[in-house]
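Input: a single structure, listed below in structure tokens.
In the text below, chain A, chain B and the rest are named by the order of the sequence lines, each starting its count at 1.
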Amino acid sequence: MNKKVRVRFAPSPTGGLHLGGVRTVLYNYLFAKKHGGDFILRIEDTDQNRYVASAEQYIFDCLQWCGLEPDESAIHGGPFAPYRQSERKAIYQQYAEQLVKAGQAYYAFDTPEELEDMRQQFKTHDNPTPQYNYEIRERMKNSLTLSEEEVQRLLSAGSSYVVRIKMPVNEEIRFTDMIRGEVAFHSALVDDKVLLKADGMPTYHLAVVVDDHLMQISHAFRGEEWLPSAPVHILLWKYLFGLENMPQWAHLPLILKPDGNGKLSKRDGDRLGFPVFAMDWTDPKTAEKATGFRERGFLPEAFVNMLAMLGWNDGTDQEIFGKEELIERFSLERVHKSGAKFDYEKAKWFNHEWIKKTSVSRFSSLVVKDFESRGLNVANDQRLEKILELVKDRCTLLTDFYDQSKFFFVAPESVDVDSIKGKWNDDKTTFFKEWIAGWNNVEWNAAALEASFKELAVTKNIKVGELMLPLRIMLVGGKFGPGVFNISELIGKEETENRLKTAIQFL
RNA sequence: GGCCCGUUCGUCUAUCGGCUAGGACAUCUCCCUUUCACGGAGGAAAGACGGGUUCGAUUCCCGUACGGGCUACCA
């Protein structure tokens with residue numbers, strides 16, 4: 001009875017994968033996994049003009065980074081191959097012909113210029129964008145208005161044509177959206193969408209329906225921006241495969257820009273200084289670069305977690321979820337109807353939480369790479385892990401580790417001696433020199449160092465508080481970082497001595 | 001303009017007719033911390049408006065307003 005759950009994400013390879021796209025993938029993925037179903041990735045490359053060659057690989061890389069791998073796709077293979085629409089061209093033509101024969105679609109020979117003329121001619125104040133609809137089609141050049149002989153003549157003469165759906169004049173088209181409930185449209189208000197383009201490629205409208213059927217998709221999720229064209233798809237299902245076989249639709253709410261309103265776009269990221277794409281993306285045509293969440297220092301777990309919460313919650317106060325937990329808890333009933341403004345501050349909070357709860361061994365290699373890119377070469381060893389563990393509470397992004405731990409590897413370039421100079425005196429110089437001299441009898445670890453430091457302070461009758469800040473500044477260069485004695489322990493006796501002696505010279 | 005969708009703190013949201021409207025981010029105050037964080041405690045902060053339905057509406061219905069999406073041989 002119940003069909004196996006099969007869902008699909010169908011991006012067009014025209015550019016980088018942004019937030020909204022990844023969230024659509026996520027909801028698809030969670031739904032599929034929760035119901036023991038399959039997640040299919042289908043490449044909708046039917047637009048030759050907007051096609052960007054590198055975009056397809058980029059999409060796969062993004063999904064891999066996010067841990068949302070498809071079960072079937074152009075590179076994973078599967079029983080319904082090919083998964084690239086450009087490779088299925090012939091299939092769509094056959095269905096388009098079927099629709100024409102049944103009188104549910106027709107050939108249209110209008111040139112782009114003629115279409116433009118039509119729009120100009122019928123444009124009025126009340127109707128600024130005239131549609132190719134049930135009225136207008138009677139006045140255009142198509143197989144509805146032309147004689148059969150003329151149509152045949154044009155066809156055999158190789159005239160350029162498209163196939164358009166013939167919208168019923170007076171029909172109520174309704175369906176139940178899993179998120180929005182009943183949605184109704186009137187057929188007269190929907191235009192005769194092109195199904196097959198002049199180059200023989202299908203438009204999205206024909207391709208989704210045909211492929212969703214052929215690939216046995218049970219539930220179809222997409223962004224809310226598709227809602228207005230749903231009636232076209234409903235009709236196509238009715239004509240071609242039967243409404244009873246149609247997948248259940250779910251139109252997901254949009255992700256909005258943080259300021260003002262409107263769909264979030266990559267421009268907003270540039271403008272407001274936060275990533276919009278999952279990973280770095282360089283447009284091969286314009287060489288324009290956009291930074292991704294990955295390169296900004298996000299953990300994929302945090303990115304996915306944050307996205308999941310942008311439009312869904314499990315009804316409790318819990319906000320931190322791992323992938324497995326999301327699969328277990330996810331339900332479409334709890335996906336919101338309204339769009340959500342993207343909040344980069346909250347996104348960073350998610351990342352901070354994930355950095356805190358994740359063992360550093362899981363991401364130390366990423367940090368090492370980041371260090372390298374900034375000219376700091378360190379070994380990914382036990383010491384590194386100790387250091388990262390010590391500073392991770394202070395790091396919101398993976399890229400924060402650099403500033404927070406650089407001083408463990410190299411002496412600070414500049415030491416903020418000014419902030420301790422005022423209260424400096426010879427007693428303190430003497431204190432530090434004697435402390436250094438006494439190390440021979442001290443075991444080199446944080447606790448022992450702290451004990452010896454405090455003991456000497458008492459002996460010298462100097463308040464410990466007067467000495468802590470100087471020690472910190474001499475060691476790390478400024479007022480930040482983890483416990484000073486932990487730092488000493490990790491940078492070692494020799495280095496600690498060097499830094500102290502160097503700094504004292506300037507005091 | 002038309003069609004469709006939406007509307008709880010600044011932001012993300014809980015509430016499935018009975019609440020002093022809860023949580024989180026951000027913000028402010030305090031505590032902890034001999035640095036900066038982490039952490040802890042607390043404060044300020046919301047139901048677009050107008051009608052119904054009901055003993056009772058944030059919750060259900062209808063209008064209005066506002067916001068958004070779509071309106072291509074793009075997806």
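- Among the atoms of the strands shown, none is found under 4.0 Å from any heavy atom of A:S229.
- For residues 467-476 of chain A, proximity to RNA chain B is found at A:M468, A:R472, defined as any non-hydrogen atom under 4.0 angstrom from a strand atom.
- Taking only side-chain atoms of A:E225, from C-beta outward, the nucleotide of B:rU35, B:rA75, B:rU11 with the closest atom is B:rA75.
- Relative to the side chain of A:T129, the nucleotides B:rC4, B:rA72, B:rU11 differ in distance, and B:rA72 lies closest.
- Pair assignment for B:rU29 gives B:rA41, based on Watson-Crick or G-U wobble hydrogen-bonding distances that are each under 3.5 Å.
- One cannot find a donor-acceptor pair under 3.5 Å joining the base of B:rC5 and the side-chain atoms of A:R180.
- Distance CE (A:M306) to P (B:rC12): 14 Å, rounded to an integer number of Å.
- Residue A:G481 is in base contact, counting any heavy-atom pair closer than 4.0 Å across all strands shown.
- In this model, no donor atom of one side chain and acceptor atom of the other lie less than 3.5 Å apart for A:D199 and A:Q48.
- Picking from B:rC38, B:rC5, B:rC73 the nucleotide with the shortest atom distance to the side chain of A:L115 gives B:rC73.
- When Watson-Crick and G-U wobble pairs are counted only if both distances are under 3.5 Å, B:rU7 pairs with B:rA65.
- Across all strands, A:R222 comes closer than 4.0 Å to no nucleic acid atom at all (heavy-atom distances).
- Residue contacts shown for A:F185 are limited to sugar-phosphate atoms, with no base heavy atom under 4.0 Å away.
- A cation-pi arrangement, defined by a distance under 6.0 Å to the six-membered ring centre and an angle within 45 degrees of its axis, is absent between A:K421 and A:W424.
- Checking B:rC12, B:rC5, B:rC73 against every side-chain atom of A:L310, the shortest atom distance belongs to B:rC12.
- Rounded to a whole Å, the CG atom of A:D400 is 18 Å from the P atom of B:rC36.
- Looking at heavy-atom distances under 4.0 Å, A:D110 makes contact with a base.
- Note: A:F401 and A:F363 have tilted aromatic rings, judged against thresholds of 30 and 60 degrees for the angle between ring planes.
- Nucleotide B:rC70 has B:rG2 as its partner under the Watson-Crick or G-U criteria, with both atom distances under 3.5 Å.
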Polar atom pairs between nucleotides 27-29 of chain B and protein, under 3.5 Å, N or O only, would you list them?
none

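- With a cut-off of 3.5 Å on both pairing distances, B:rA14 has no Watson-Crick or G-U wobble partner at all.
- Between A:W281 and A:F277, the ring planes lie perpendicular to each other; the angle is over 60°, past the 30° to 60° tilted range.
- Among B:rA14, B:rG6, B:rC36, the nucleotide with an atom closest to any side-chain atom of A:R334 is B:rA14.
- Taking atom CD on A:E466 and atom P on B:rU34, their separation rounds to 15 Å, with Å as the unit.
- Pairing of B:rU20, defined by two Watson-Crick or G-U wobble distances under 3.5 Å, is not identified with any nucleotide.
- Residue A:K341 places its side chain closer to B:rU11 than to any other of B:rU35, B:rU11, B:rA75.
- Under the 30°/60° scheme for interplanar angles, the aromatic rings of A:W435 and A:F431 are found to lie parallel.
- Distance A:L254 CG to B:rC12 C1': 16 Å, rounded to the nearest Å.
- Relative to the six-membered ring of A:W354, A:K357 meets both conditions, a distance below 6.0 Å and an angle of at most 45° to the axis.
- No contact: A:K348 has no heavy atom under 4.0 Å from any strand.
- Residue contacts shown for A:P11 are absent, as no nucleic acid heavy atom lies under 4.0 Å away.
- The side chain of A:K123 places no N or O atom within less than 4.0 Å of a non-bridging phosphate oxygen (OP1 or OP2) of B:rG1.
- Between A:H233 and A:Y204, the ring planes are perpendicular. Angles over 60° get that label, and only those under 30° would be called parallel.
- Within the nucleic acid shown, A:K263 comes within 4.0 Å of sugar-phosphate atoms alone, with no base atom in reach, counting heavy atoms only.
- As judged by a 4.0 angstrom heavy-atom cut-off over every strand, A:G223 is placed among residues making no nucleic acid contact.
- Both the sub-6.0 Å distance and the 45° axial angle are not jointly satisfied by A:R329 relative to the ring of A:F321.
- If you check every strand for non-hydrogen atoms under 4.0 Å, A:A198 touches a base.
- Checking B:rC70, B:rA75, B:rU13 against every side-chain atom of A:N313, the shortest atom distance belongs to B:rU13.
- In this structure, A:V183 reaches the sugar-phosphate backbone alone: every heavy-atom distance under 4.0 Å involves primed, P, OP1 or OP2 atoms, never a base.
- For A:H336, a side-chain nitrogen or oxygen approaches OP1 or OP2 of B:rA14 to under 4.0 Å.
- Base-pair partner of B:rU54: not found among the strands shown (Watson-Crick or G-U wobble, both distances under 3.5 Å).
- Distance from the side chain of A:V464 is smallest for B:rU34 among the nucleotides B:rG6, B:rC73, B:rU34.
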Taking N or O atoms only and anything under 3.5 Å, show me the protein contacts with nucleotides 21-26 of chain B, one pair per line.
unit_1: B:rA24; atom_1: O4'; unit_2: A:E319; atom_2: OE1; d: 3.0
unit_1: B:rA24; atom_1: O2'; unit_2: A:E319; atom_2: OE1; d: 2.6
unit_1: B:rA24; atom_1: O2'; unit_2: A:K346; atom_2: NZ; d: 2.8
unit_1: B:rA24; atom_1: N3; unit_2: A:K346; atom_2: NZ; d: 3.2
unit_1: B:rC25; atom_1: OP1; unit_2: A:W349; atom_2: NE1; d: 3.4

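- Considering only side-chain atoms of A:H352, the nucleotide from B:rA75, B:rA72, B:rC38 that sits closest is B:rC38.
- Atom CZ in A:F321 sits roughly 18 Å away from atom P in B:rC12 (whole-Å rounding).
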